[in-house]
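Structure first, commentary second.
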2 protein chains.
Amino acid sequence: MDDLTEMLKGTLEGCVLEIIGGEETYGYAITRRLNELGFTDVVEGTVYTILLRLEKNGLVQVTKRPSGMGPPRKFYALNDAGREELATFWAKWEYLSSRINNLREGGR
Amino acid sequence: MDDLTEMLKGTLEGCVLEIIGGEETYGYAITRRLNELGFTDVVEGTVYTILLRLEKNGLVQVTKRPSGMGPPRKFYALNDAGREELATFWAKWEYLSSRINNLREGGR
DNA sequence: TAGTGGTACTCGGTACTACAAAGTACCAGG
DNA sequence: CCTGGTACTTTGTAGTACCGAGTACCACTA
């Protein structure tokens with residue numbers, strides 16, 4: 001699939017929220033997860049900027065833990081604000097995707 | 001629905017292409033059409049920048065015609081490149097939306 | 001005839017986001 | 001020691017939707 005970067009704007013952050021909401025995890029693993037979910041071109045740098053943004057906006061709780069396989073990992077978990085943001089994201093996604101699919105089917 | 005601007009990035013241009021593909025039309029009418037289709041906050045300035053971009057990228061054919069109801073209108077129609085771009089857009093949209101919905105349903 | 005409101009397009013600047021690129025650092029195995 | 005996989009940081013760039021202000025045409029009306 002060719003370049004999706006513009007289309008990912010606004011949705012990739014929601015995807016990261018969803019992954020974190022499923023289980024406490026860390027940046028490197030999130031990137032790998034996204035890749036295997038079909039977001040093949042998403043790279044680490046992108047995920048880390050999103051994680052820093054989530055942290056700055058107070059949507060996640062961060063815990064640093066040693067790894068054994070390399071440098072220490074920063075684990076991310078959703079807090080209440082994060083869960084709320086995730087729900088908002090899905091509401092927006094549903095709204096937008098339904099409008100777009102309507103448009104495609106002749107526009108009603 | 002609250003702010004969708006980030007989520008619209010990469011998709012709004014495709015929506016405009018789809019509308020133009022349906023019938024030859026012009027900026028002001030496209031804005032009104034988007035608004036009634038549920039893209040309520042899209043404003044004229046945004047549509048015009050998209051139209052100029054489409055023209056610059058050689059995806060549309062432009063014809064200026066007098067209006068009777070105000071200043072002359074610039075009518076836009078898809079050319080072959082535009083139709084191809086529209087098909088690519090829908091392919092990307094299908095790909096992306098299916099991945100996102102998969103992710104939502106537990107992630108396989 | 002001046003004023004208002006709807007139609008219609010242009011242009012300069014801003015904010016936000018995904019991504020590129022380069023670097024730091026930890027650890028295991030040869 | 002040196003390579004390769006793991007793991008995070010930082011700076012800068014490009015692309016897009018949006019804002020705001022401006023220009024201009026026309027119909028209607030007081």
Side-chain angles (χ1 to χ4, degrees), chain A residues 1-17 25-35 39-57 59-60 62-76 85 89 92 96 99-100, chain B residues 1-17 25-35 39-57 59-60 62-76 85 89 92 96 99-100:
Chain A
M1 177 58 50
D2 47 275
D3 193 27
L4 292 176
T5 71
E6 289 308 324
M7 229 180 238
L8 282 172
K9 291 186 176 176
T11 59
L12 193 54
E13 178 177 313
C15 294
V16 171
L17 280 172
T25 180
Y26 57 98
Y28 191 79
I30 293 170
T31 309
R32 291 292 99 78
R33 184 106 186 83
L34 284 169
N35 294 152
F39 304 89
T40 51
D41 294 338
V42 174
V43 294
E44 293 163 41
T46 300
V47 174
Y48 288 119
T49 55
I50 291 174
L51 291 172
L52 291 178
R53 191 162 69 232
L54 295 179
E55 186 176 359
K56 200 186 70 180
N57 295 346
L59 303 174
V60 288
V62 188
T63 316
K64 187 176 269 187
R65 298 213 188 88
S67 155
M69 283 290 290
R73 299 166 175 165
K74 283 176 72 177
F75 282 83
Y76 292 82
E85 180 68 20
F89 165 72
K92 287 208 249 180
L96 181 63
R99 303 298 140 154
I100 289 179
Chain B
M1 177 58 49
D2 46 276
D3 193 27
L4 293 176
T5 72
E6 290 308 325
M7 229 180 239
L8 281 174
K9 290 186 178 175
T11 59
L12 193 53
E13 179 177 312
C15 294
V16 171
L17 279 173
T25 181
Y26 57 99
Y28 190 79
I30 293 170
T31 310
R32 290 294 99 77
R33 184 105 185 84
L34 285 169
N35 293 152
F39 304 89
T40 50
D41 294 339
V42 174
V43 293
E44 294 164 41
T46 300
V47 174
Y48 289 119
T49 55
I50 291 174
L51 290 173
L52 291 178
R53 192 161 69 232
L54 295 179
E55 188 176 357
K56 200 185 69 179
N57 295 345
L59 303 174
V60 288
V62 188
T63 315
K64 187 176 270 188
R65 299 214 188 88
S67 154
M69 281 292 290
R73 298 166 174 163
K74 283 176 72 178
F75 281 84
Y76 293 81
E85 180 69 19
F89 166 72
K92 288 209 248 179
L96 181 63
R99 305 298 139 152
I100 290 180

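We name chains A, B, ... by the order of the sequence lines, and we start the count at 1 in each one. Being a predicted model, the structure only gives us computed values, none of them experimental.
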Using a cut-off of strictly less than 4.0 Å, decide whether [X] has a side-chain nitrogen or oxygen near OP1 or OP2 of [N].
X: Thr46(B); N: dC18(D); result: yes
X: Arg32(A); N: dA7(D); result: no
X: Arg73(A); N: dT6(D); result: no
X: Thr5(B); N: dC18(D); result: no
X: Arg53(B); N: dA17(D); result: yes
X: Ser67(A); N: dT6(D); result: no

[options]: which one has an atom nearest the side-chain heavy atoms of [X]?
X: Pro71(A); options: dA18(C), dC8(D), dC26(C); value: dC26(C)
X: Met69(A); options: dA8(C), dG15(D), dA7(D); value: dA7(D)
X: Tyr28(B); options: dC9(C), dG15(D), dC19(D); value: dC9(C)
X: Tyr26(A); options: dA17(D), dC18(D), dC8(D); value: dC8(D)

- Lys92(B) side chain to Thr11(B) backbone, donor-acceptor under 3.5 Å: no
- Message: Without decimals, in angstroms, what is the distance between Glu6(B) CD and dC19(D) P?
- Response: 12 Å
- Do any of residues 7-16 of chain B sit with a heavy atom less than 4.0 Å from DNA chain C, and if so which? Lys9(B)
- Message: Once you apply a heavy-atom cut-off of 4.0 Å, does Leu51(B) come out as touching a base, just sugar-phosphate, or nothing?
- Response: nothing
Polar pairs (N or O, both sides) under 3.5 Å between protein and nucleotides 9-12 of chain D?
{"unit_1": "dT9(D)", "atom_1": "OP1", "unit_2": "Lys74(A)", "atom_2": "NZ", "d": "3.0"}

- Set of ring-ring contact (aromatic ring centres under 6.0 Å, His included) partners for Tyr26(A), sequence neighbours left out: Phe75(A)
